[in-house]
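Remarks on the structure that follows.
Just so you know, residue 1 is the first one in the sequence shown, and it goes up from there.
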Amino acid sequence: RHPLATFFHLFFRVSAIVTYLLCDWFSNSFVACFVTILLLLSFDFWSVKNVTGRLLVGLRWWNQIDEDGKSHWVFEAKRVSTIAASTEAEARIFWLGLIICPVIWTMFFFSTLFSLKLKWLALVIAGISLQTANLYGYIHCKLGGQKAISRVTSRLFGTADVPKRQSRRISQDGTEEHGKTGTR
């Protein structure tokens, strides 16, 4: 069990949302609010990507650049037997936090846009970007990379399986890595 990782998985996310909602009440400085929320979002991105995903659900992802300058996304999933230490409740908290927060930031986007508070728009877009980047990476980890995603979508939409360049390897610590190659 990882209660500290579970706490920080939600702490930075919820703190950024609450600070965004209440910042105008406690401070007149737009810059201080902007920097505080951006720091909370950055701490959340780093902690989810590098710590809580690995501890709570046994998943992690990263991007590497090879010698040719090509970007390679690597998605890693531990085998089910090695994840036994984390509980089902921790995994549920992880996925709910990962899914609900980008939805909240998307609602903030529309409310900011329609209320014409355009100075907050850059911050809300940063929130959406950081939150959805983690969601995207962990969905790829969970589904096993692009190959499994195209299989799932082909079942849903009845299309043929689209082949992609895919690398898959199993390291010594029992983890399975899926890499999608491409340039960005």
Side-chain angles (χ1 to χ4, degrees), residues 5 8-9 12-13 16 20 31 34-80 82-83 91 94-95 97-106 108-109 112-113 118-157 159-184:
F8 280 109
H9 177 71
F12 292 125
R13 295 174 170 265
Y20 176 79
V31 174
F34 189 93
V35 170
T36 302
I37 295 167
L38 196 58
L39 282 173
L40 288 169
L41 287 169
S42 300
F43 292 154
D44 171 62
F45 179 81
W46 183 87
S47 67
V48 170
K49 183 180 171 302
N50 295 314
V51 179
T52 63
R54 188 179 313 166
L55 292 176
L56 300 180
V57 291
L59 303 173
R60 73 179 183 165
W61 62 273
W62 66 93
N63 183 12
Q64 7 184 57
I65 309 294
D66 64 8
E67 297 84 23
D68 299 332
K70 291 186 179 179
S71 175
H72 299 277
W73 289 89
V74 181
F75 305 100
E76 181 180 87
K78 286 189 177 182
R79 300 216 185 263
V80 177
T82 60
I83 306 173
F94 177 83
W95 287 107
L98 205 63
I99 293 168
I100 290 173
C101 288
V103 171
I104 292 171
W105 282 103
T106 303
F108 288 163
F109 174 79
T112 302
L113 195 62
L118 299 180
K119 66 181 182 180
W120 291 99
L121 203 55
L123 180 66
V124 172
I125 290 171
I128 291 171
S129 300
L130 291 171
Q131 300 280 322
T132 55
N134 265 333
L135 179 61
Y136 174 81
Y138 282 113
I139 286 174
H140 271 284
C141 290
K142 182 74 171 170
L143 297 178
Q146 186 66 30
K147 195 172 187 180
I149 290 174
S150 67
R151 272 198 309 264
V152 169
T153 56
S154 69
R155 283 188 209 136
L156 289 173
F157 299 114
T159 61
D161 203 14
V162 179
K164 297 271 185 187
R165 288 196 308 169
Q166 179 77 25
S167 67
R168 183 179 190 169
R169 65 179 181 225
I170 299 175
S171 60
Q172 282 91 3
D173 63 349
T175 59
E176 195 173 324
E177 296 178 359
H178 308 275
K180 182 176 121 184
T181 60
T183 58
R184 283 200 113 184

- Message: One pair to check against side-chain contact (heavy atoms from CB on, under 4.5 Å): Asn50 and Arg60. What are the steps and the verdict?
- Response: CA-CA 7 Å; Asn50 295 314; Arg60 73 179 183 165; over 6 Å; no

Spatial distance of atom [atom1] ([X]) from atom [atom2] ([Y]) [nearest 0.5 Å]:
| X | Y | atom1 | atom2 | value |
| --- | --- | --- | --- | --- |
| His140 | Leu135 | NE2 | CG | 10.0 Å |
| Ile125 | Leu130 | CD1 | CG | 12.0 Å |
| Thr106 | Gln131 | OG1 | CD | 9.5 Å |
| Ile99 | Ile104 | CD1 | CD1 | 12.0 Å |
| Asn134 | Ser129 | CG | OG | 12.0 Å |
| Trp46 | Phe8 | CH2 | CZ | 10.5 Å |

If I compare all heavy atoms of [X] with all of [Y], which pair ends up nearest, and what's the gap?
| X | Y | value |
| --- | --- | --- |
| Ala16 | Ile37 | O-CG2, 4.2 Å |
| Thr112 | Leu121 | CG2-N, 3.9 Å |
| His9 | Leu56 | CB-CD1, 4.3 Å |
| Ala5 | Leu55 | CB-CD1, 3.9 Å |
| Leu41 | Gly127 | CD1-CA, 3.5 Å |
| Ala126 | Leu38 | CB-CD1, 4.0 Å |

- Message: Less than 3.5 Å apart, any donor N or O on the side chain of Asp66 or His72 sitting next to an acceptor on the other?
- Response: yes

- Would you check if the side chain of Arg13 reaches a backbone N or O of Gly97 as a donor-acceptor pair within less than 3.5 Å?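 Judged by distance alone, yes, a pair lies under 3.5 Å.
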
- Query: Centre of Trp61's six-membered ring, under 6.0 Å away, within 45 degrees of the axis: is that where NZ or CZ of Lys49 sits?
  - Reply: yes

- Sub-4.5 Å side-chain heavy-atom contact between Trp95 and Lys142: yes

- Task: Please examine the side chains of Leu59 and Glu76, heavy atoms only from C-beta on, and report whether any two atoms are closer than 4.5 Å.
- Result: no

- Message: In this structure, is the centre-to-centre distance between the rings of Tyr138 and Phe75 below 6.0 Å?
- Response: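 Not under 6.0 Å, so no.
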
- Query: Would Ile65 and Lys70 count as a side-chain contact (heavy atoms from CB on, under 4.5 Å) if you check the C-alpha gap in whole Å, the side-chain angles of each, and the deciding distance to 0.1 Å?
  - Reply: CA-CA 5 Å; Ile65 309 294; Lys70 291 186 179 179; over 6 Å; no

- Item | Results of ring-ring contact (aromatic ring centres under 6.0 Å, His included) for Phe108 - residues two or more places apart only | Tyr20, Trp105

- Item | side chain to side chain contact (heavy atoms under 4.5 Å, CB included) partners for Phe43, two or more places apart |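 Listed in chain order: Phe12, Leu39.
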
